[in-house]
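First comes the structure, then the notes that go with it.
Predicted model only: the values in this text are computed from it and were never measured. Naming convention: chains lettered A, B, ... in sequence-line order (proteins, then strands); numbering from 1 in each chain.
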Amino acid sequence: MQFHSACLQELHDRGFIYQCTDYEKLDAAMAEGSITGYVGFDPTAKSLHVGNLVTIMMLRVFQRHGHTPIVIVGGGTAKIADPSGKDAMRRELSDDEIQENVESILSIYAQYIRFGESPSDAFVLNNDDWLKSLGYIEFLRDYGSLFTINRMLSFDSVKSRLDREQSLTFLEFNYMLLQAYDYWLLNREHNCTLQMGGSDQWGNIVNGVELIRKLNKREAFGLTAPLVTTASGEKMGKSAGNAIWLNEAQLPSYDYWQFWRNTDDKDVGRFLRMFTDLPLAEIAELEKLEGAELNKAKAILADEATKLARGEKALPAIHETVASLFKSKDTGYSLKGQDDNGNPIVETSLPVAHVPTSSFPIVVAELLVTAGLAGSKSEARRHIQAGAVKVDDAKVSDIAETATLPENHVLKLSVGKKKHAILIATQH
RNA sequence: GGAAGGAUGGCCGAGCGGUCAAAGGCAACAGACUGUAAAUCUGUCGACGUUAGUCUACGCAGGUUCGAAUCCUGCUCCUUCCA
């Protein structure tokens with residue numbers, strides 16, 4: 001597809017476009033000048049994971065081309081919970097929880113998008129500000145009259161819930177009206193003419209576009225991104241049963257880097273386009289790599305993605321650990337002398353756990369639990385029986401095996417090839 | 001308000017008095033092979049315990065029984081139909 005607007009062209013080339021309400025008119029509007037567009041998120045979780053990254057990156061491209069992003073915090077809608085893509089009703093959140101989530105999530109957005117006062121700087125609005133004061137009767141009369149149940153029932157989010165014989169409350173059913181109202185309000189107050197979101201938002205977005213057309217007599221647009229799945233068809237964002245969180249508090253940068261490093265061969269090009277700022281020509285070159293050579297592209301993907309989420313400063317430590325661990329098959333840490341208590345100072349991006357020196361010699365299974373590599377002692381034993389456990393790269397074959405205090409008071413524990421932890425024996 | 005059906009491990013889903021820590025599938029974890037990839041094959045997959053075994057678990061609370069995921073009673077929630 002060819003566009004006049006460089007922004008839309010890039011969004012398209014990088015694979016961000018799934019559906020659009022009107023390609024031609026949106027293209028014309030974006031080519032003509034700077035427009036304002038928004039995405040919304042509901043602060044129903046503490047943090048965002050890589051699954052949420054698609055729309056964030058979309059907004060980033062949008063801003064890079066001189067357009068103005070608005071981020072809507074769904075403080076009001078969070079009280080309702082969007083039924084789209086959800087099997088069952090979510091529990092209600094307290095105001096405090098919501099506020100906490102908002103702050104944590106906005107700090108993540110700030111990594112990717114420039115907020116401020118200058119033109120094309122993004123700004124944040126909380127839909128609770130206007131939704132909380134909506135009068136029920138007025139709302140029903142002024143906006144409810146513009147929606148038909150017939151149409152609402154035809155939306156996928158609603159249909160799938162009904163088809164699966166799961167309840168859909170009236171509260172949730174109203175979600176789409178409120179989202180449409182948000183868009184309408186932004187259109188009127190901030191001349192916002194584009195709403196972006198995941199493909200599951202299509203129905204909600206279209207409602208807003210229609211509401212704007214009916215009430216403001218203006219054209220507004222909707223643009224959705226495809227649901228990003230991995231080559232094996234998995235919804236993106238989980239690994240080893242854990243979500244890949246974007247913030248460091250919930251996922252160490254080393255693990256974040258590893259997530260990208262372990263990308264499926266088939267996903268490398270696509271992910272480079274969506275989740276890094278690298279020029280498309282460069283990505284095309286990287287994509288040509290074959291076989292083991294592709295690992296270079298994966299490392300670049302990991303670097304770029306980590307740089308965005310965690311900042312450039314996170315990289316050196318990760319690189320050092322990776323080089324030690326995988327390239328020279330070394331320990332994965334380096335010693336930097338001793339502290340005042342005579343305990344070793346260790347530099348590594350692997351998880352670190354402390355054990356008092358007095359507890360040595362200690363059963364390896366127990367160490368695995370302290371280091372967080374096993375959830376229970378039984379699990380630790382199972383790992384040992386499966387031949388997965390190593391202490392300082394020496395295989396542990398007996399579940400009763402003990403580890404003795406190493407001379408430098410540091411040892412590396414491994415479960416499998418990729419999961420490691422550093423244990424430091426401390427005096428106090 | 002009435003009637004019928006349902007609730008099982010992370011998810012789906014079988015079981016319908018003992019042989020049930022509960023088939024099968026998915027997901028996950030580990031091993032082998034590789035390139036920190038995929039595919040494939042193998043093993044593991046409630047907790048504690050070296051084994052024996054103990055404990056906790058089939059929506060919640062009671063009961064019947066030598067014995068209950070399975071039967072009975074009450075409750076909660078869900079779905080469908082009628083009003």
Side-chain angles (χ1 to χ4, degrees), chain A residues 83 85-92 158-172 229-244 254-272 286-287 289-303 305-306 318-330 332 349-350 363-366 368-369 371-391 393 395-402 412-421:
Chain A
K86 297 291 177 307
D87 288 345
M89 196 174 162
R90 285 188 284 217
R91 74 187 180 86
E92 281 174 38
V158 172
K159 240 178 12 194
S160 67
R161 276 285 268 281
L162 297 178
D163 287 348
R164 297 195 57 181
E165 299 193 346
Q166 272 157 345
S167 70
L168 177 72
T169 62
F170 184 64
L171 179 76
E172 294 172 287
T229 53
T230 63
S232 44
E234 291 295 308
K235 199 168 170 178
M236 220 182 138
K238 297 236 168 146
S239 157
N242 300 311
I244 301 301
Y254 175 78
D255 294 326
Y256 188 76
W257 192 91
Q258 283 295 335
F259 167 77
W260 294 103
R261 174 57 249 267
N262 285 309
T263 297
D264 193 314
D265 282 11
K266 299 185 208 102
D267 289 329
V268 174
R270 198 159 51 106
F271 286 4
L272 277 167
L286 288 170
E287 237 180 333
L289 297 172
E290 280 182 26
E293 285 292 294
L294 202 52
N295 283 336
K296 285 180 191 152
K298 291 185 190 179
I300 292 171
L301 170 63
D303 278 356
T306 307
I318 295 170
H319 286 162
E320 199 176 315
T321 302
V322 168
S324 167
L325 217 50
F326 291 100
K327 301 248 168 59
S328 53
K329 302 283 175 206
D330 205 352
S349 28
L350 295 173
V363 185
V364 175
E366 210 142 315
L368 288 170
V369 177
L373 292 176
S376 70
K377 246 161 113 184
S378 306
E379 193 187 326
R381 277 196 214 98
R382 264 182 250 123
H383 280 137
I384 294 172
Q385 276 162 344
V389 177
K390 290 187 181 128
V391 174
D393 293 314
K395 189 165 162 180
V396 177
S397 43
D398 186 355
I399 48 172
E401 199 162 312
T402 54
K412 178 177 74 166
L413 268 178
S414 315
V415 172
K417 275 180 291 224
K418 293 187 212 162
K419 280 199 291 195
H420 310 276

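- Distance, A:Leu368 CG to B:C48 C1': 17 Å, rounded to whole Å.
- With hydrogens and angles disregarded, no donor-acceptor distance shorter than 3.5 Å links the side chain of A:Lys298 to the backbone of A:Val268.
- Two residues are said to be in side-chain contact when any heavy atoms from C-beta on lie closer than 4.5 Å; A:Ile399 and A:Arg382 fail this criterion.
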Legend entry - Dot-bracket encoding of pairs in RNA chain B, which uses [ ] for pseudoknotted crossings and | for another strand, Watson-Crick or G-U under 3.5 angstrom: ((((((((.[[[..)..(.....]]].(((((.......))))).(((....)))...[[[[[..)....]]]]]))))))).
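- The backbone N or O of A:Ser349 sits less than 3.5 Å from a side-chain atom of A:Thr321, completing a donor-acceptor pair.
- Rounded to whole Å, atom P of B:G35 lies 12 Å from atom CG of A:Asp265.
- Counting only heavy atoms from C-beta on, A:His383 has its side chain closest to B:C29 among B:C29, B:A37, B:U50.
- Residue A:Ala388 has its side chain nearest to B:A30 when only B:A30, B:U36, B:G35 are considered.
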Please produce a list of atom pairs where a protein N or O lies less than 3.5 Å from an N or O of nucleotides 42-47 of chain B.
residue, atom, partner, partner atom, Å
B:A47, OP2, A:Arg382, NH2, 2.8

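- Across B:A47 and B:G9, the matching C1' atoms stand 14 Å from one another, rounded to whole Å.
- Between atom CG of residue A:Leu289 and atom CD1 of residue A:Ile300 there is a gap of 8.0 Å, rounded to the nearest 0.5 Å.
- Distance A:Lys298 NZ to B:G35 C1': 7 Å, rounded to the nearest Å.
- Counting all heavy atoms, side chain and backbone alike, A:Leu294 lies closest to A:Leu286 at CD1-O, 4.0 Å.
- Using a 4.0 Å heavy-atom distance criterion, A:Gly387 is classed as a sugar-phosphate-only contact.
- Taking the C1' atom of each, B:C58 and B:U8 are spaced 4 Å apart, rounded to whole Å.
- Contact of the A:Asp303 side chain with the A:His319 side chain is registered, since non-hydrogen atoms from C-beta on lie closer than 4.5 Å.
- Nearest to the side-chain atoms of A:Lys418 among the listed nucleotides B:U36, B:U50, B:A38 stands B:U36.
- Atom name P, nucleotides B:C82 and B:C20: the rounded distance is 44 Å, in whole Å.
- Taken from NZ in A:Lys412 to CG in A:Leu325, the straight-line distance is 5.0 Å, to the nearest 0.5 Å.
- The closest side-chain heavy-atom distance from A:Lys417 to A:Phe326 is not below 4.5 Å.
- A distance of about 42 Å separates the P atoms of B:U80 and B:C48, rounded to the whole Å.
- Annotation: B:A22 and B:C45 have their C1' atoms spaced 14 Å apart (nearest Å).
- Comparing B:U36, B:A38, B:G49 by their closest approach to the side chain of A:Trp257 singles out B:U36.
- If you measure from atom CD of A:Gln385 to atom C1' of B:C29, you get 14 Å, rounded to the nearest angstrom.
- Using P as the reference atom, B:A14 and B:G67 are 30 Å apart when rounded to the nearest Å.
- A distance of about 32 Å separates the P atoms of B:U79 and B:G63, rounded to the whole Å.
- In this structure, A:Arg261 and A:Ile399 both approach RNA chain B, and ranking their closest nucleotides by distance from the 5' end singles out A:Arg261.
- What separates NZ of A:Lys417 from P of B:U34 is a distance of 10 Å, to the nearest Å.
- Rounded to a whole Å, the CG atom of A:Leu413 is 16 Å from the C1' atom of B:A30.
- When the nucleotides B:G49, B:G35, B:A30 are ranked by their closest atom to the side chain of A:Arg381, B:G49 comes out on top.
- Taking 4.0 Å as the cut-off between side-chain N and carboxylate O, A:Lys390 and A:Asp393 do not count as a salt-bridged pair.
- Whole-Å rounding puts the A:Leu301 CG to B:G35 P distance at 21 Å.
- Note: A:Asn262 CG to A:Asp267 CG = 12.0 Å, rounded to the nearest 0.5 Å.
- In this structure, CG in A:Leu368 is found 6.0 Å from CG in A:Leu373, a value given to the nearest 0.5 Å.
- As rounded to the nearest Å, B:G35 and B:G49 have C1' atoms that lie 41 Å from one another.
- Remark: C1' of B:A37 and CG of A:Asn262 are 8 Å apart, rounded to the nearest angstrom.
- Across all strands shown, A:Val389 has no heavy atoms under 4.0 Å from either base or sugar-phosphate atoms.
- Between A:Lys395 and A:Gly291, it is A:Lys395 whose nearest contact on RNA chain B lies nearer the 5' terminus.
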